[in-house]
2 protein chains.
Amino acid sequence: MSENVVQRLRDEIENGIISNDFAPGARLDEVQLATRFGVSRTPVREALMQLNAIGLIEIRPRRGAVVIDPGPHRIFEMFEVMAELEGLAGSLAARRFTDADRTTILAAHADCERSSSAGNSDAYYYDNERFHKAIYAASHSGFLAEQCVALHRRLQPYRRLQLRVRNRVATSFAEHGAIVEAILAGDAEQARTLLRQHVSIQGERFSDLVATLASR
Amino acid sequence: MSENVVQRLRDEIENGIISNDFAPGARLDEVQLATRFGVSRTPVREALMQLNAIGLIEIRPRRGAVVIDPGPHRIFEMFEVMAELEGLAGSLAARRFTDADRTTILAAHADCERSSSAGNSDAYYYDNERFHKAIYAASHSGFLAEQCVALHRRLQPYRRLQLRVRNRVATSFAEHGAIVEAILAGDAEQARTLLRQHVSIQGERFSDLVATLASR
DNA sequence: GTCAATGCTCTTGCATACAAGATTTATCGT
DNA sequence: ACGATAAATCTTGTATGCAAGAGCATTGAC
């Protein structure tokens, strides 16, 4: 329970940003956060410095911290990179997966099927996350997995918006099927291509995102 | 000159780590750093929190901060991701480069030629960095460019070791030539493939890296 | 002589205090 | 009445102080 205070604050504030409790552009007042969490300003500042280093907030000298607002264009760029990393994870997974990896992937895929056919988009959201994390793990690249998890986390709110689009859940699940097939067949290039397409938000999916962002 | 103290400390310590002044595994004593830079412990701690968030150091509760030592395997993983990101940057650059981008890339390439044929591997190191940054910029993806620069920076010490290997500078420059050609020809897939190969450290280049690391 | 236990010291973690810049409000002048 | 300037207040940035835990040394026992 010692250093955990800063770590706890970091997670709490980060979650607050991701769950949109702290909206983009919002000011993060140090004393306010300190009293809210029942600590002094020091650990709050240390947590904010970490979020600043990650790129979630911006600290303007003498003017406080604000939640960064990545415009639609930058969000698109982030998905572009995410697609590339997922593609790499998929291709590595196809070459390196073990029996345990196969089991985990198939289990997550089965859960996705359940929540998808039940039409439960919230449940699908979590099962989808497990599915993708199973692929990261199967890539057997710790660094890649970390990068993917971090980016996935940052894109969480927008991913969530996307699933609200009509039929997106069903489409997503269908794509998962092909991805699983490619990976388990050991087809690295096919897995890479499919995952890249699955993750990237080209064409009308980008328009949908912009529209949903604007209406928020 | 206000918040810049923390930022300055962050950069100084980060540079110290990258230039191996603070070797992997070294303890970073707060008071020691504070007196060394003529400040109090508070900004030092805040800088350390940032480096911790980036993943350059590890802060063990009540036991201080140590420089992270990524073993050879993890370094390989980092190069693997770097290769993928550079490949993406190259493919985007091939599709999006402007006249100004072409000029910058060619200028950096010309500088590389100078330092390469002069056999000056230190100079080549810097020109090489400019060359790669020119490609990031030409990708016209701000987020991708940031990610590339950050990873490039973290891999700096190992990249530097690599250039010491016999003929690596000449080989590197030759690869640059083909990359420039592919990008300026607008051949996105070729640019991606060449850059990926250029950056990744497969086969004997990995052995060289491990050997050089061990002898350090 | 060696191992273990206890106490001391040193470092970290958090809080508070103080200083400096930014913002807001109030007052004065036109 | 509106705008500008100055003062007051609020917030951030840095230093210092205090408490608690981890490491180290010394001493005692077997």
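Residue A:Arg63 has no polar side-chain atom (N or O) positioned under 4.0 Å from OP1 or OP2 of D:dT11.
Checked against the 6.0 Å centroid threshold, A:His109 and A:Phe173 count as a close aromatic pair. The aromatic ring centroids of B:His132 and B:His176 lie less than 6.0 Å from each other.
What separates CG of A:Asp29 from P of D:dG13 is a distance of 12 Å, to the nearest Å. Rounded to whole Å, atom P of D:dC10 lies 20 Å from atom CG of A:Leu28. Here D:dG13 presents its P atom at 8 Å from CE of A:Met49, a figure rounded to the nearest Å. Going from atom CZ of A:Arg41 over to atom P of D:dT16 covers 16 Å, rounded to whole Å. B:Gln7 has its CD atom 11 Å from the P atom of D:dT14, to the nearest Å. Taking atom CZ of residue B:Arg60 and atom P of nucleotide C:dG13, one finds them 11 Å apart after rounding to whole Å. A:Glu30 places its CD atom 8 Å from the C1' atom of D:dG13, with the value rounded to the nearest Å. Atom CD1 of B:Ile59 and atom P of C:dT11 are 17 Å apart (whole Å).
For A:Thr42, the listed nucleotide lying nearest its side chain is C:dA15; candidates were D:dA15, C:dA15, D:dA22. When each of D:dT12, C:dA15, C:dT11 is scored by its nearest atom to the side-chain atoms of B:Arg27, the top-ranked nucleotide is C:dT11. Closest approach to the A:Arg62 side chain among C:dA15, C:dC14, C:dA20 is made by C:dA20 (side chain taken as heavy atoms from C-beta onward). Relative to the side chain of A:Ser40, the nucleotides C:dT16, D:dT12, D:dG21 differ in distance, and C:dT16 lies closest.
Between B:Glu12 and B:Arg36 there is no salt bridge, since none of the side-chain N atoms of the basic residue sits less than 4.0 Å from a carboxylate O of the acidic one. Comment: A:Arg196 does not engage A:Glu86 in a salt bridge, judged by the lack of any side-chain N to carboxylate O separation of less than 4.0 angstrom.
Under a cutoff of 6.0 Å and an axis angle of 45°, A:Arg159 and A:Tyr125 do not form a cation-pi pair.
Along DNA chain C, the nucleotide nearest B:Val31 and the nucleotide nearest A:Val39 are compared for position; the residue whose nucleotide lies closer to the 5' end is B:Val31.
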